[in-house]
Amino acid sequence: MTNRPTLQLYIPEPLARPGEAVDFGGLVIPSAGSVDRPATDTPESELRLLPYQLIRVLDDEGQAVGPWKPEATPLQLLCGLRAMMLTRAFDERLFRAHRQGKTSFYMKSTGEEALGAAPSMVLGYDDMCFPTYRVLSWLMARGYPLTDLVNQIFSNAKDPLKGRQLPILYSARDYGFYSLSGNVGSRFGHAVGWAMASAYKQDDKIALAYIGEGTTAEGDFHEALTFASVYRAPVILCVTNNQWAISSFAGIAGANETTFAAKALAYGIPGLRVDGNDFLAVWAATEWAAERARTNQGATLIEFFTYRASGHSTSDDPTKYRPADEPNHWPLGDPITRLKRHLINEGIWDDERDVHLLGEVDNEVKVAVREAESVGTLGKSKPPIAEMFEGVFAEPDWRLIEQRLEAGITP
Amino acid sequence: MTNRPTLQLYIPEPLARPGEAVDFGGLVIPSAGSVDRPATDTPESELRLLPYQLIRVLDDEGQAVGPWKPEATPLQLLCGLRAMMLTRAFDERLFRAHRQGKTSFYMKSTGEEALGAAPSMVLGYDDMCFPTYRVLSWLMARGYPLTDLVNQIFSNAKDPLKGRQLPILYSARDYGFYSLSGNVGSRFGHAVGWAMASAYKQDDKIALAYIGEGTTAEGDFHEALTFASVYRAPVILCVTNNQWAISSFAGIAGANETTFAAKALAYGIPGLRVDGNDFLAVWAATEWAAERARTNQGATLIEFFTYRASGHSTSDDPTKYRPADEPNHWPLGDPITRLKRHLINEGIWDDERDVHLLGEVDNEVKVAVREAESVGTLGKSKPPIAEMFEGVFAEPDWRLIEQRLEAGITP
Amino acid sequence: MIMIDGDAPPATELQDVTATSTMTMVDALNSALDVMLTRDPDVLIFGEDVGYFGGVFRVTNGLQKRHGLQRCFDAPISEGGIIATAIGMGAYGLRPVPEIQFADYILPAFDQLVSEAARLRYRSNGEFWAPITVRSPYGGGIFGGQTHSQSPEAIFAHITGLKTVIPSNPYDAKGLLIASIECDDPVIFLEPKRLYNGPFDGRHEQAVKSWAGHGAAEVPTGHYSIPLGTAAIVRQGEAATVLAYGTMVHVALAGIQDSGIDAELIDLRSIVPLDIDTIVASVRKTGRCLILHEASRFGGFGGELSALVQERCFYELEAPVTRVAGYDTPYPHAFEWDYFPGPARLAAALTELMRG
Amino acid sequence: MIMIDGDAPPATELQDVTATSTMTMVDALNSALDVMLTRDPDVLIFGEDVGYFGGVFRVTNGLQKRHGLQRCFDAPISEGGIIATAIGMGAYGLRPVPEIQFADYILPAFDQLVSEAARLRYRSNGEFWAPITVRSPYGGGIFGGQTHSQSPEAIFAHITGLKTVIPSNPYDAKGLLIASIECDDPVIFLEPKRLYNGPFDGRHEQAVKSWAGHGAAEVPTGHYSIPLGTAAIVRQGEAATVLAYGTMVHVALAGIQDSGIDAELIDLRSIVPLDIDTIVASVRKTGRCLILHEASRFGGFGGELSALVQERCFYELEAPVTRVAGYDTPYPHAFEWDYFPGPARLAAALTELMRG
Ligand SMILES: Cc1ncc(C[n+]2csc(CCOP(=O)(O)OP(=O)(O)O)c2C)c(N)n1
Ligand SMILES: Cc1ncc(C[n+]2csc(CCOP(=O)(O)OP(=O)(O)O)c2C)c(N)n1
Ligand SMILES: [Mg+2]
Ligand SMILES: [Mg+2]
């Protein structure tokens, strides 16, 4: 046992901290269109290089190129652009609403608007999305009423969740949007169970779930993938790799060692690695995985490679742990800008219409906030206290009935 | 949403059930010596085919061939053979002891004796093994006193664990054998923490952990691997794929979709797939992984491909769920027979000595059981009841002191 | 409602009953699952070893064969995954009945049960819910050692949104399991494994008893259910009230007999919802209360019961509410019968209670 | 030992004290960690966001910079993995102090804590043990919604082999945290997050108070420890005994003041080990007892306290032991102050208690 080397504990660190020059480690960005698009029934054994590549459709000029170019119609793309812009406008204003004391909490998805919007349009209303808190754009792409969102955020008398939930932990069954909870990762397996149920019933609905790259470290992630693989569940499992988990860089979740898409290899299912700031690539990858799911070929893991351009939440100041200008240097750009460039390139959009749309979505948000404010902001209005005691069980038991009385509520 | 295919829930099933002909699905067994042995500092990106191969050293004639042939000395191999034979003899007799009502429970490791024995000899006494209940051969290779094992199994007055544990859930710190618990998988991450602690202290100790293939489905497995990968812990993580988890075939843990070694790819660490009934291959793979761990190159995942030749435990009857003669058809043979053939082939062993050794180990076990019986079998002898109240905390609090009195124990 | 001592179950609790047959608790549970698989295509079962093999305690024996691979199948060894999957299925509209092989192994799924199953309906304002029934063998008395013997009911009872049901005999087991499966809330259904094959009363030195001949072993073969939240008065008495559930119901009966005290014995049957009215009425009548459970005393469900009883019956109490329970140690293999709160401890405590 | 109302902490509890400084609870916890990192090379810290950033509540702020990357580092989002890793490190001989970002997120690690940390010493007959201290912010009052507000202490108190510590002020926080780290048993160290930056008494409509000026905010800068299992008498009184811990200590003080009743207030400081002697002596003196906690009432730790008190003080009790607690619902965002058992509810219950 002599002459052995001394062991050293390795702790990964990001390449740049506040005050240092931004460093993306010479991130190699393959050119758009360079990755093959295998048929969806290709055996997994032939797909084992995919997780190490990067599926991109939009090139630097805004051209859609290569085999992954989807068949989305111009109108679909315009709707996608609108959903993303609406998401951003909403985020900006509600973030400010928090600063103004109108609510307790808010989280933005800036830079990640494509991740919710494109899949929301690819999947059907019968399908179900199991969201994270950062895919508001799913709802935006489906026209969920803005005022209801704001009412939820304000926990006011018209809050569709009756004041029971933290702001933005929406639930919207009719929009294919499963109930969020504060725990990260814990619904990933629900998506698999839901998809298995659809298969069990010989229905045709599929599920799609999101999970942050940081959260892939939870046991839930592995358990969901194991079940999805073993029972070939019709589900699309998406890792939103936005490089950060609050203040922890993706290396703390293993990003220095391999890609998140490569985790698919552990389960013998295909893993796609996709430019998450490329609306068309996100669309195309979702379509590919959906086709597999719908044809009884089982689950697909998709890593959306993106960047969290804002702070984690209203409780966070990202300049405390990463260079303040890091977001500006993200080599894959901004999803809205890139789709817009493409649409202009395609001749179906222009700067003028864009400015107009910007005003339009901003106004929509403003109107919704105003409407919700007229009901009341946090603490100024709330649902009846009786709501606190509802929904614990299908029917309240004596404890809830007694306590409701104790709280001064007459039946 | 029309014209969609009907989904079907897929439930994996083994190829043969009781009454049917044994079917190993045309299991392809690569010939011994056919897999390259990369240098231990090879980057992971160049090792990505290894998890799909099968490292074997002993060929059908008992020759040790190919690059993985280890430098174990003849004496070491003889000691390994002895440890495996002792394990088997012990298992046989203690299994019978259970049938005779001398204890409440027993589990055999028949067919898997190489998995504990070889690593036990490769690693040092300062290193730590985090066992499953099926690696008794680790202790056998290190000469752990047989009588203490039987005392533990009988929970008698000389039980080293003072009657607190289920039979065979040993703890043997001085033998580099971490405390077992009834929960499967829950110590896998302890191995990683232990190894990280060694690195943190700049010591030179490494850890090795086992987990059953069925248990890889637990979140603990993924969490342990994530930590091992992120902090490059000096640990060897071993999946003992013995094809069965109680009555569930390995397909229920995902074996139909990929190999267990391939789970390494999810973490960017090397994954070896090894003939677990080949003592030399197990030895060689452990050495390779140990070298990586000792040189600060981090963790390795090893899948030991083997077969659970007996029932799960004394509570189990495997003929209820698999063909009764399935064990006889396992294409990778028996680890003891194969090592014996090799040693005979090498001219350092013969049938006569083998018969003699068989008698010797059997006698050793018999003597140990007799000695333990003279102390007492389960229920006939037990440690002082005061032991029930010891070790809950470092020092008992008033509750334990009061209850000890209540139980009639005078201090 | 008295039924353990051989009386027929009251008619109000029965529906659909065509015939009865003598069943062990394993048989009765199997029958409940069989009935529900037959009646409701949305009921399905999965868990470790429950499929082809029929479960390590044989509770799902034959169900895969009878109802098909998709209705009763093996799951990966992943309790968290099993419950997460069940919740997702429940949200879809199924009524999954997952099995966790031992209650000790529910813990890896604890977050799924607490943060998800229990809270889904509340937080989504009723858009989603998880009508799952998690069956799990629990409790000791089988020399299972520390991790095959525990009684974790207290940690579930504290969780708002979960129901916890614990039968003590075949008749109740079937009726309560059917009620649990039909219930739209998540139910933790704890099966006292020591009662699976016979009514164990804690007299471990005696020959093992079978269910045959026990009144509650006459079980209707068809569909019936026992409403959750209704306790059963197993023995009527005037001197004191004993509260118990699961195996301890039988232990209590034996201990009461040994003590010669005319105690009333209440089998709670479900601890959430709790039949507070039956408890309070009894203690008001007897003026004395003893609580018996197998789990460790400190922080156990007995604390809640004791608190409730003295809150509601303080002025009627003639002696302190007493708890008899497992000691505050892990469940120890060799000391099973020292740890186990058997009839002798119960009788002694009851005698002491009468002195108070 | 009185210390909240500005009295100096008793000398017996101090060691090594060179100077004091005014600290918030965050400062005091940070100081405890700093002191222990300095004194003991086997102490290390890891958890989500605790490294460079210094923790979402800033408790580990500056520690990585001061003590090095290996001593205080970020962990993957994997509570089970964090605790498993810590146990392994503990078994090696280190004293890890993992942080779980919110107590609500301890649940994914529940199996590690219960089946492993709590049982390792017992089952291995002392060959291995896990001297880990799991720090976690808990409790409500910050509009954190359901999963950033819960008080899970009851589910830990029931687990044999775990200790559970809950400070209510900066001075105690530091002394108890040091004692926990130095303890050879696994400790769940719950930090009332609403007290991090000021002594919140439940009067949410009033301006936020800071710790400055509070007696217990004068904290020794060096090493000292408060033995686990010693309660503090925060207010002496003759009319009734109020038991509380964490934020509720301050709420109780306010409620007692409002009620005008001369109640004795005991801050339990650790619920396992529990200072039963101090509790019993007080209730024997006052004849009345009220328990206050923020967690839901049913199955909460108040049940255990209530049971213990009436078991030991039955004949001295003049009224039923009373519990004031959170309602049996999940922690609701908009109804935070309706759910929260504030001073008004306490005062009303105390007044009622005096009538009993
Ligand atoms: C089980 C659990 N652990 C910890 C947290 C605290 N937490 C909230 S968000 C977050 C970071 C998640 O990062 P990531 O998964 O990368 O998602 P992102 O925020 O980047 O979208 C953490 C640690 C939590 N909510 N739930
Ligand atoms: C957490 C937990 N879940 C379930 C069990 C019950 N159980 C004991 S052994 C076993 C099968 C394990 O199979 P595998 O991991 O393949 O190991 P093997 O027995 O084949 O060596 C199961 C399910 C357990 N002990 N712990
Ligand atoms: Mg992230
Ligand atoms: Mg196995």
Side-chain angles (χ1 to χ4, degrees), chain C residues 79-80 104-115 118-119 122-123 145-147 150 152 154-161 271-272 274 291 295-315 317 319-323 326-332 356, chain D residues 79-80 104-115 118-119 122-123 145-147 150 152 154-161 271-272 274 291 295-315 317 319-323 326-332 356:
Chain C
E79 292 76 14
D104 315 74
Y105 307 138
I106 288 185
L107 301 184
F110 198 60
D111 184 54
Q112 280 297 328
L113 290 167
V114 176
S115 304
R119 305 287 155 74
Y122 190 80
R123 72 177 194 232
Q146 202 252 302
T147 60
Q150 294 169 93
I155 63 173
F156 296 117
H158 184 43
I159 304 303
T160 50
I271 63 172
V272 177
L274 183 70
I291 298 150
S296 291
R297 175 155 47 199
F298 197 84
F301 190 63
E304 179 61 36
L305 288 172
S306 173
L308 283 170
V309 165
Q310 73 89 42
E311 279 159 12
R312 284 156 201 254
C313 311
F314 183 79
Y315 298 103
L317 282 177
V321 180
T322 301
R323 294 179 289 169
Y327 291 124
D328 289 317
T329 71
Y331 210 109
Chain D
E79 292 75 15
D104 315 75
Y105 307 138
I106 288 184
L107 301 184
F110 198 60
D111 184 54
Q112 280 297 327
L113 290 167
V114 175
S115 304
R119 305 287 156 74
Y122 191 80
R123 73 177 194 230
Q146 202 252 303
T147 61
Q150 292 169 96
I155 63 172
F156 296 116
H158 185 44
I159 305 304
T160 50
I271 62 171
V272 178
L274 183 70
I291 298 150
S296 291
R297 175 157 44 198
F298 197 83
F301 189 63
E304 179 61 36
L305 289 172
S306 173
L308 283 170
V309 164
Q310 73 89 40
E311 278 158 14
R312 284 156 201 253
C313 310
F314 183 78
Y315 298 102
L317 282 177
V321 180
T322 301
R323 295 180 289 170
Y327 292 122
D328 289 316
T329 71
Y331 211 109

Can you check side-chain contact (heavy atoms from CB on, under 4.5 Å) on D/Val114 and C/Phe110, steps first, answer last? CA-CA 11 Å; D/Val114 175; C/Phe110 198 60; over 6 Å; no
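Comparing D/Phe301, D/Tyr105, D/Tyr315 by heavy-atom pairs within less than 4.5 Å of chain C, the highest count is held by D/Tyr315. Between chain D and the options C/Ala307, C/Ala157, C/Gly161, C/Pro152, the largest number of non-hydrogen pairs under 4.5 Å is found for C/Ala307. The greatest number of non-hydrogen atom pairs below 4.5 Å with chain C, out of D/Asp328, D/Val321, D/Ile155, is found for D/Val321. Options C/Gln150, C/Arg312, C/Arg119 differ in how many heavy-atom pairs under 4.5 Å they form with chain D, and the most are formed by C/Arg119. Per-residue heavy-atom pair counts under 4.5 Å with chain D were compared for C/Gly80, C/Cys313, C/Ala319, C/Ala109, and the maximum is reached by C/Ala319.
At a 4.5 Å heavy-atom cutoff, the contact between D/Thr329 and chain C is made by backbone and side-chain atoms alike. Residue contact with chain C, scored on non-hydrogen atoms closer than 4.5 Å, is absent for D/Val309. Using a 4.5 Å cut-off between heavy atoms, C/Glu311 contacts chain D through both its backbone and its side chain. Proximity to chain D (any heavy atom under 4.5 Å) is shown, for C/Ser296, by both the backbone and the side chain. At a 4.5 Å heavy-atom cutoff, the contact between D/Leu317 and chain C is made by backbone and side-chain atoms alike. For chain C, the nearby parts of D/Gln310 are the backbone and the side chain; heavy atoms of each come within less than 4.5 Å.
Proximity of D/Phe298 to C/Leu308: side-chain heavy atoms (C-beta onward) are separated by under 4.5 Å at one or more points.
Here the closest non-hydrogen pair linking C/Leu107 and D/Ser115 is CD1-OG, 3.7 Å. When all heavy atoms are compared, the tightest approach of D/Pro330 to C/Thr160 is N-OG1, 3.5 Å. For the residue pair C/Glu304 and D/Gly299, the shortest heavy atom distance occurs at OE1-N, 2.6 Å.
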